[in-house]
Protein chains: 2
Amino acid sequence: MNVSAKPERTRLSAEDWEDAALRLIADQGVGALAVEALARQLGVTKGSFYWHFRTREALLQAALERWEQYGEKEVISQIEAMPDPRARLPELFRRVAHELAPHRVYAALLKALDHPQVVPVMARVSQRRMEFLTNIYREAGLPADEALNRARLTYAAYVGFLQLNFTLGLPRISHEEFDAYVEHMIRTLTPA
Amino acid sequence: MNVSAKPERTRLSAEDWEDAALRLIADQGVGALAVEALARQLGVTKGSFYWHFRTREALLQAALERWEQYGEKEVISQIEAMPDPRARLPELFRRVAHELAPHRVYAALLKALDHPQVVPVMARVSQRRMEFLTNIYREAGLPADEALNRARLTYAAYVGFLQLNFTLGLPRISHEEFDAYVEHMIRTLTPA
DNA sequence: GCTGGACCATACGCATGAGTATGTAGGCCT
DNA sequence: AGGCCTACATACTCATGCGTATGGTCCAGC
């Protein structure tokens, strides 16, 4: 019998390594990103890795940029396409709340803010998202400074929620309780 | 000239090591907690360390428990001593906002949630704080479930703010802007 | 004034993980 | 059919950081 680990023995590309790196980051954190571990997981050895990348740092960089690029564009454009500005905020909240998978990388990177490489990426992504939120709040009727502060508050709540639940697993909240929380959040953060 | 790092050459105790560890964690993160580095910083060598602690893990554990114990008791008791329940929330918010130093360890531990040792400590501390917040919201007039959700939201905003500012240094916010943000937060999160 | 224990120095062993050097199998082009 | 380039294997070097072994120094107390 053939006991080889993975039957998929096709050749790998740099993108394959970057995707694998992002998956590993998503469920084990940036600290677990080791080239030999990744190689084992892909069914090859380090020899392959160092053909595609000059260093481990380069892989991290490439993976982060890849993640940053194909980001949250579809969500943003879909929300902006909604005709009624007041309806956008609740829709955005519910959407983000129920698609937790895409936020796993972001949550993992939140725990890796001591690595100098991830800081600028997270800064850019967070900045863009907050500007997006600020615009929505303005279109919902808030004056400029209020909209900015409300966006800060909302995004902070989002980030904190990721930490407390994903990472810390804190409230061990049930599904119904979670929905109630989201609706509460909509009521208190959305302008009446 | 004497160029030795620290002139204090008294003997050290386990508590000295724990305090030094917490300081190092506060400004360089848990990942930077290495015994030789700590020893250099204290003007001694590893030989000293391994007399006081069996392992590096033991030091981390002791430091975390020390931090957990001498926690935020004074703030909590002072807030609870206030006669008017409605006045407690704004006071708590302003207080926390302007005493950022004590939150540096918490912020550092937030980035270290991949270390199995810090998770339970952070879970306990966060849980206690959220229960405290929930009580305040109830005393301010919110029904039980509303109070719980509002506490979750508030604490998430706190955690997220620490990440976005301390760690990420994101908005590069000015002092006046920050005060305005705090007041905005009070207006939108405090029951009218 | 001697001794035992607290506190620390020095010099190792050892595991892990990054990076390098070099050899090699298979597809593609001519 | 021969050559070559891509993708990978194998076998190392090297740095870092934990932990250990052992010996030294200072001070308390009989």
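Lettering follows sequence order; numbering is per chain, from 1.
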DNA chain C contacts among residues 20-34 of chain A, heavy-atom distance under 4.0 Å: A/L33, A/A34

Shortest non-hydrogen contact from A/Q163 toward A/T167: O-CB, 3.3 Å

Stepwise side-chain hydrogen bond (donor to acceptor under 3.5 Å, both in side chains) test for B/E131 and B/Q127: CA-CA 6 Å; B/E131 287 168 1; B/Q127 185 64 39; 3.2 Å; yes

Any residue of residues 50-60 of chain A with a heavy atom less than 4.0 Å from an atom of DNA chain D: A/W51, A/H52

Stepwise side-chain hydrogen bond (donor to acceptor under 3.5 Å, both in side chains) check, B/N135 with B/R138: CA-CA 5 Å; B/N135 282 334; B/R138 291 195 54 180; 5.5 Å; no

Nucleotide nearest B/E36 when distance is taken to its side chain, options D/dG17, C/dA9, D/dC8: D/dG17

Centroid-centroid distance, B/F161 to B/F178, less than 6.0 Å: yes

Whole-Å distance separating the CG atom of A/L38 from the P atom of D/dC8: 13 Å

Which residue lies more 5' along DNA chain C, comparing A/G47 with A/V35 via nearest heavy atoms: A/V35

cation_pi(B/R129, B/Y158) dist<6.0 Å, angle<=45: no

d(CZ, A/F49; P, C/dA21) in whole Å: 17 Å

Cut-off 3.5 Å, no hydrogens considered: what does the side-chain donor-acceptor table look like for residues 82-93 of chain A, sequence neighbours left out?
residue, atom, partner, partner atom, Å
A/D84, OD1, A/R86, N, 3.2
A/R86, NH1, A/A140, O, 2.7
A/R86, NH2, A/A192, O, 2.8
A/R88, NE, A/M82, O, 3.0
A/R88, NH1, A/E139, OE1, 2.4
A/R88, NH2, A/M82, O, 2.8
A/E91, OE2, A/R95, NH1, 2.9

Closest listed nucleotide, where the reference is the side chain of B/K46 and the choices are D/dT10, C/dA9, D/dT20: D/dT20

Pair B/R94 + B/E183, salt bridge at N-O below 4.0 Å: yes

Stepwise side-chain contact (heavy atoms from CB on, under 4.5 Å) test for A/L110 and A/F166: CA-CA 11 Å; A/L110 235 28; A/F166 266 54; over 6 Å; no

